[in-house]
Number of protein chains: 2
Amino acid sequence: MRIFSKNAESVDFCPVRDVFGRIGDKWAVLVMLTLGQTGSPLRYHQLQEAIGDISQKMLTATLKNLLEDGLISRQMYPEVPPRVDYSLTTAGQSLLPHLYNLAQWANEHMRPAKQNGAIK
Amino acid sequence: MRIFSKNAESVDFCPVRDVFGRIGDKWAVLVMLTLGQTGSPLRYHQLQEAIGDISQKMLTATLKNLLEDGLISRQMYPEVPPRVDYSLTTAGQSLLPHLYNLAQWANEHMRPAKQNGAIK
DNA sequence: CGGGATCCAACATGATACTG
DNA sequence: CAGTATCATGTTGGATCCCG
């Protein structure tokens with residue numbers, strides 16, 4: 001089974017690569033977990049505050065990526081001042097459990113290790 | 001629940017962050033999947049050839065990271081010419097199913113749309 | 001308020017050459 | 001064979017200013 005291929009000839013469209021890319025995207029995970037935790041839509045600034053150390057540029061870019069991937073949705077209210085909020089799509093919600101599984105795995109398996117002098 | 005925190009004050013040691021970091025590491029995933037597919041230990045060059053488009057520098061760095069995380073193990077044979085092979089540790093093997101789950105999720109949910117490389 | 005655009009520093013990564 | 005060291009370059013992310 002070729003699950004993650006990448007050859008000069010067969011750069012076959014690989015959604016798996018995309019997902020791992022997105023999951024590897026620290027900010028994307030943060031945004032999704034944050035949205036998942038609150039359960040309700042969050043506004044731009046609420047996300048920024050909840051995450052804490054994300055820059056405006058990164059938040060904007062991350063939201064854009066997640067939108068393009070169909071993992072979150074954006075709702076805009078034509079008010080003054082403008083209001084926008086983001087929420088997980090069905091697809092986004094279905095990914096969430098996997099993130100939690102990984103988190104749980106991490107807590108179970110990565111605790112004891114990390115000792116060979118390299119604890120940053 | 002704080003699952004992925006990062007504050008100036010509470011940079012609490014977070015294994016979750018490590019795992020997502022490693023999973024986001026394209027090369028690390030490649031190495032683990034490759035080792036998982038063959039099932040038996042692989043030598044340095046075998047890995048390089050199996051993956052195909054990984055540079056020597058990246059392979060070395062990736063292997064080092066995976067070793068530090070305790071996800072793979074390294075066996076060295078004091079022969080001439082030298083021989084070294086790598087295999088998944090128990091921890092590494094236990095992570096593999098999660099990777100496959102994600103891959104499967106990706107194939108199920110990321111099919112429609114999505115054409116531009118997004119992450120750039 | 002919710003971004004877009006720009007500049008720049010830091011880092012990741014590839015290519016190449018060399019070593020035990 | 002299995003790496004290490006060095007250089008060159010592309011990419012990432014933060015800071016800043018601006019606009020509708």
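Every chain is numbered from 1 and lettered A, B, ... according to where its sequence line falls, protein lines coming before strand lines.
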Original post:
Can you give one letter per nucleotide of nucleotides 15-20 of chain D, 5' to 3': B if a protein heavy atom sits under 4.0 Å from the base, S if only from the sugar-phosphate, - if neither?
Top reply: BBB--B

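Each end of the helix from C:dC1-D:dG20 to C:dG20-D:dC1 yields a helix axis from five base pairs, and these two axes differ in direction by 50° (to the nearest 10 degrees).
In terms of hydrophobic clustering, with Ile, Leu, Val, Met, Phe, Trp and Tyr side chains grouped at heavy-atom distances under 4.5 Å, A:Met76 and A:Val80 are assigned to different clusters.
Side-chain contact between B:Leu35 and B:Val31 is present, with heavy atoms from C-beta onward closer than 4.5 Å.
Ranked by how close their nearest DNA chain C nucleotide is to the 5' end, B:Ile54 and A:Arg83 are led by A:Arg83. Nearest-nucleotide positions on DNA chain C place A:Pro81 closer to the 5' end than the other of A:Thr60 and A:Pro81.
Regarding B:Met58, its CE atom lies at a distance of 13 Å from the C1' atom of D:dT11, rounded to whole Å. Regarding B:Tyr86, its OH atom lies at a distance of 11 Å from the C1' atom of D:dC1, rounded to whole Å.
Bracketed by its first and final contacts, the part of DNA chain C lying under 4.0 Å from non-hydrogen atoms of chain A reaches from C:dC1 to C:dC7 in 5' to 3' order.
Considering all non-hydrogen atoms of both residues, A:Leu99 and B:Phe20 come closest at O-CZ, 3.6 Å. Of all non-hydrogen atoms in B:Met32 and B:Leu96, the two that sit nearest each other are O-CD1, 3.7 Å.
Side-chain atoms of A:Gln46 come within 3.5 Å of backbone atoms of A:Arg43 as a donor-acceptor pair (strictly under, hydrogens ignored).
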